[in-house]
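Below you'll find the structure, written out as structure tokens, and then a few comments.
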Amino acid sequence: MKFFLRAFLLFLLAGFGWLLHVVVNGTGETVGGPEPVVVHQDEDIGVQGVRFSEWKRGKRVWMLDAKEMRYYHTKGRADFDQVSVSFRVSSGQGLGMEADSVHYDTATGNLTAEGRVVGRDDQGYEFFTDTLSYDAESRTVATRDQVTLKKDRLTIKGVGMQGDLERNRLEIRSGVRAHFLPPNGG
């Protein structure tokens with residue numbers, strides 16, 4: 001009986017080794033459903049359909065949903081594609097963000113969002129920018145890029161933004177211009 005068990009395990013291990021060899025040395029593409037999945041040569045783990053959360057002192061700080069994730073152990077980084085992140089601010093309200101991609105630094109817990117970044121809070125404010133960084137230690141968000149902030153009939157544009165999630169404050173840094181539409185839309 002031990003012989004058959006060892007032979008089965010050896011066969012299973014050989015099959016896994018062959019599959020790993022094909023993925024690493026092959027074209028980099030595997031079939032995983034209706035569309036091919038691209039495997040990056042330096043990634044350690046790749047996952048589709050991800051929900052990922054950061055917790056501190058028993059409370060969820062943020063939750064991230066993404067179409068794909070690639071984890072790079074030696075770089076201490078995870079990259080997420082087609083992402084939405086929800087943050088909890090100190091007042092109990094929420095801040096949501098969507099982006100084409102987010103990079104997560106495993107050592108610091110910091111996030112960097114890139115490509116069509118859109119943020120929305122529970123009060124109805126929206127902001128639009130190209131990049132946004134979240135600092136886990138200070139619980140702040142920031143960008144140096146152009147930013148547009150909207151709520152109802154008010155639009156504010158500027159360059160650079162700093163937000164404090166603990167104090168529920170947002171500041172546009174420079175080149176600030178505001179436009180307010182009258183109630184009749186004129």
Side-chain angles (χ1 to χ4, degrees), residues 30 32-40 42-73 75-152 154-173:
T30 61
E35 58 189 61
V37 176
V38 176
V39 177
H40 299 264
D42 59 342
E43 78 184 38
D44 294 307
I45 299 172
V47 181
Q48 291 188 331
V50 177
R51 174 164 281 173
F52 185 70
S53 298
E54 178 88 356
W55 293 78
K56 287 194 178 167
R57 294 181 284 285
K59 293 185 179 181
R60 186 171 58 214
V61 178
W62 52 259
M63 182 171 60
L64 178 148
D65 289 294
K67 182 178 180 184
E68 293 182 5
M69 187 245 356
R70 291 172 306 285
Y71 173 67
Y72 305 92
H73 176 72
K75 296 177 183 177
R77 188 182 86 214
D79 294 343
F80 299 89
D81 294 328
Q82 297 180 10
V83 182
S84 67
V85 182
S86 59
F87 298 92
R88 284 285 149 220
V89 295
S90 63
S91 64
Q93 304 230 341
L95 171 67
M97 179 194 70
E98 295 176 359
D100 291 338
S101 65
V102 168
H103 309 289
Y104 172 69
D105 184 315
T106 60
T108 63
N110 295 344
L111 300 171
T112 303
E114 297 177 337
R116 292 185 300 211
V117 179
V118 178
R120 292 178 185 88
D121 77 356
D122 292 344
Q123 298 172 9
Y125 287 96
E126 292 182 303
F127 67 84
F128 307 88
T129 190
D130 291 328
T131 63
L132 186 73
S133 298
Y134 166 74
D135 184 280
E137 186 176 334
S138 64
R139 294 219 357 106
T140 57
V141 294
T143 185
R144 293 181 177 167
D145 296 330
Q146 291 184 350
V147 63
T148 301
L149 177 66
K150 291 184 176 186
K151 181 173 183 194
D152 302 326
L154 177 64
T155 300
I156 302 171
K157 293 184 178 190
V159 178
M161 179 180 72
Q162 180 81 26
D164 186 328
L165 300 180
E166 290 300 316
R167 291 193 269 157
N168 204 17
R169 293 181 53 136
L170 190 67
E171 178 182 319
I172 296 179
R173 299 301 218 173

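None of the values given here were measured: they were computed from a predicted structure. In what follows, residues are counted from 1 in the order of the sequence shown.
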Taking [X] for the side chain and [Y] for the main chain, is one N or O donor matched with an acceptor at less than 3.5 Å?
| X | Y | result |
| --- | --- | --- |
| Thr148 | Phe128 | no |
| Asp152 | Leu154 | no |
| Thr106 | Gly76 | yes |
| Asp164 | Asn168 | no |
| Lys67 | Val50 | no |
| Asn110 | Ala136 | yes |

Nearest non-hydrogen partners of [X] and [Y], listed with the distance:
| X | Y | answer |
| --- | --- | --- |
| Arg173 | Met161 | CG-N, 3.9 Å |
| Val117 | Ala99 | CG2-CB, 4.0 Å |
| Val159 | Arg144 | CG1-O, 3.5 Å |
| Tyr104 | Gly109 | CE1-CA, 3.6 Å |
| Asp81 | Ala66 | O-CB, 3.5 Å |
| Gly163 | Leu170 | CA-CD1, 3.8 Å |

If you define the side chain from C-beta out and look only at heavy atoms, does anything of [X] sit under 4.5 Å from [Y]?
| X | Y | result |
| --- | --- | --- |
| Phe52 | Trp62 | yes |
| Arg139 | Tyr134 | yes |
| Val102 | Thr112 | no |
| Arg120 | Glu98 | yes |
| Leu111 | Phe87 | yes |
| Leu95 | Leu165 | yes |
| His73 | Lys75 | no |

At what distance, to the nearest 0.5 angstrom, does [atom1] of [X] lie from [atom2] of [Y]?
| X | Y | atom1 | atom2 | result |
| --- | --- | --- | --- | --- |
| Arg77 | Asp105 | CZ | CG | 9.5 Å |
| Thr129 | Leu149 | OG1 | CG | 11.5 Å |
| Ser101 | Arg70 | OG | CZ | 8.5 Å |

Legend entry - Flag if over 12 foreign heavy atoms under 6.0 Å of CD, Gln146: no

Legend entry - Ion pair check, Glu126 and Lys150, cut-off under 4.0 Å: no

Inset, instruction - Would you mind checking if Asp65 and Arg51 are paired as a salt bridge, meaning a charged N to carboxylate O distance below 4.0 Å? - result: yes

Inset, instruction - Dump the intermediate steps for salt bridge (charged side-chain N to carboxylate O under 4.0 Å, His left out) on Asp130 and Arg116, then the final yes or no. - result: CA-CA 5 Å; Asp130 291 328; Arg116 292 185 300 211; over 6 Å; no

Legend entry - CA sep, side-chain torsions, deciding dist, call: Asp79, Tyr72, side chain to side chain contact (heavy atoms under 4.5 Å, CB included): CA-CA 8 Å; Asp79 294 343; Tyr72 305 92; 3.4 Å; yes

Inset, instruction - Would you check, one step at a time, whether the test side chain to side chain contact (heavy atoms under 4.5 Å, CB included) holds for Met97 with Leu132? - result: CA-CA 10 Å; Met97 179 194 70; Leu132 186 73; 3.6 Å; yes

Inset, instruction - Could you walk me through whether Arg169 and Gln162 pass side chain to side chain contact (heavy atoms under 4.5 Å, CB included), step by step? - result: CA-CA 8 Å; Arg169 293 181 53 136; Gln162 180 81 26; over 6 Å; no

Inset, instruction - Just do the side chain to side chain contact (heavy atoms under 4.5 Å, CB included) check on Trp55 and Val61 with the steps written out, would you? - result: CA-CA 5 Å; Trp55 293 78; Val61 178; 6.0 Å; no

